[in-house]
Every structure is written in C-alpha cells, then in structure tokens.
Amino acid sequence: LADAGAGRISFHEPEQVRRASVESLASAAGIESLVSTDAHENLESADLAINASLVGMNGDNRMAFDPARLPAHALVADVVTYPVETPLLLAARSAGLRTQNGIAMADAQLRMQLRYFGFAGDLPGENC
C-alpha cells in the first residue's frame with residue numbers, strides 16, 4: 001500500500017504483541033509515519049477497508065467493522081473465502097459500497113505466490 005502511494009495505512013489489532021509486531025515491521029520498512037493502529041477510530045476517512053481476520057468465516061455472523069461508517073466511495077474487501085459472501089460484504093453492498101470477496105483476492109495473488117515459491121516457469125502470461 002505504501003508503494004502504491006497510500007497516504008495512511010491503519011490497522012486494528014486487539015492483541016498487544018501482534019500490534020507491536022505491526023509497528024515494528026512498519027518501522028523496519030521505513031513507513032512508520034504512514035502506519036497507525038487506530039483503524040476502528042478512523043473508518044469514516046477510509047478509502048479501502050479490509051477484513052484480514054477469520055471474523056465472518058464458517059457461520060460466524062460477526063463483522064470485523066461496521067461498513068456503514070465508511071464513506072460512499074470506499075471499497076470493502078474480505079480475505080474470508082467461505083462463505084464467499086460474508087456478513088461484512090453483504091452489509092457493505094447493502095450500504096451501496098463496492099466489495100471484493102476472498103476468492104477474488106486469493107485468485108489475484110496466485111501468480112505472485114507461485115513465483116515467490118519458485119513455480120513461475122510454467123505460468124502463462126506476464127501480467128502479474
């Protein structure tokens with residue numbers, strides 16, 4: 001996100017150890033001035049909101065955040081792949097927001113993951 005020009009990157013991590021890890025990684029990458037851990041307090045200004053947790057998976061009807069708090073132009077993405085349409089995505093779409101499900105995210109990352117693990121030789125196309 002920083003490489004793509006994001007002016008701010010906010011996380012919400014309730015566990016102190018993992019929150020400290022996020023902050024440490026941001027510092028090591030030299031982007032600590034862009035990163036905060038107050039995402040829940042700043043949803044109203046988000047352009048992109050991603051659920052990167054297990055919330056909403058396998059019959060869990062909770063949502064990681066309330067999409068109604070996002071601005072009308074925001075995109076809501078969810079890494080959960082089952083169900084494809086999570087409670088978060090359904091609520092976001094009902095609020096008129098654009099959405100991207102976990103299957104689409106996984107598919108978009110497949111080439112990069114295969115290259116990372118050394119399986120790029122037999123991949124057709126060059127646009128990844």
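Nearest heavy-atom pair across H40 and F65 is NE2-CB, 4.1 Å. Here the closest heavy-atom approach between residue H73 and residue A46 is recorded as NE2-O, 4.1 Å. Of all the heavy atoms in D78 and M105, the pair that sits closest is O-SD, 3.5 Å. Taking both residues in full, the closest heavy atoms of A64 and S53 are given as CB-OG, 4.4 Å, listed atom of the first, atom of the second, then distance. Between A2 and I31 the shortest heavy-atom distance is CB-CG2, 3.8 Å. Smallest separation of non-hydrogen atoms from N51 and L88: CB-CD2, 3.7 Å.
Both V80 and L54 belong to a single network of hydrophobic side chains, linked directly or stepwise wherever heavy atoms of I, L, V, M, F, W or Y lie under 4.5 Å apart. Both V76 and L43 belong to a common hydrophobic cluster when Ile, Leu, Val, Met, Phe, Trp and Tyr are linked at side-chain heavy-atom distances under 4.5 angstrom. Note: the hydrophobic cluster containing I50 does not contain M63 (ILVMFWY, side chain heavy atoms under 4.5 Å, direct or indirect links). Grouping the Ile, Leu, Val, Met, Phe, Trp and Tyr side chains by contacts below 4.5 angstrom, directly or via other members, places V79 apart from Y82. Linking ILVMFWY side-chain heavy atoms closer than 4.5 Å, directly or via other members, places L34 and L48 in a single hydrophobic cluster.
Taken from CD in E44 to CG in L70, the straight-line distance is 8.0 Å, to the nearest 0.5 Å. Residue R69 holds its CZ atom at 7.5 Å from CD of E41, rounded to the nearest 0.5 Å. Rounding to the nearest 0.5 angstrom, the gap separating the CD atom in Q109 from the CG atom in L114 is 11.5 Å. In this structure, CG in L1 is found 5.0 Å from CD1 in I9, a value given to the nearest 0.5 Å. Expressed to the nearest 0.5 Å, how far NE2 of H12 lies from OG of S36 amounts to 12.0 Å.
At a cut-off of 3.5 Å, with distance as the only test, no side-chain donor of S10 or N42 sits close to an acceptor on the other residue. Side chains of S21 and R19: no donor on one and acceptor on the other come within 3.5 Å.
For the pair L75/L97, no side-chain contact is recorded, criterion being any heavy-atom separation below 4.5 Å from C-beta on. Taking 4.5 Å as the limit, some side-chain heavy atom of N101 sits within range of a side-chain heavy atom of E85. Residues T86 and M57 have side chains not in contact (no heavy-atom distance under 4.5 Å, counting atoms from C-beta outward).
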Take R8 and D38, measure what salt bridge (Lys or Arg N to Asp or Glu O under 4.0 Å) needs, and give me the verdict at the end.
-> CA-CA 11 Å; R8 182 173 164 193; D38 60 354; 2.9 Å; yes
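With E15 contributing its side chain and V17 its backbone, the two residues share no donor-acceptor pair below 3.5 Å. Without hydrogens or angle criteria, S94 side chain to L90 main chain gives a donor-acceptor distance under 3.5 Å.
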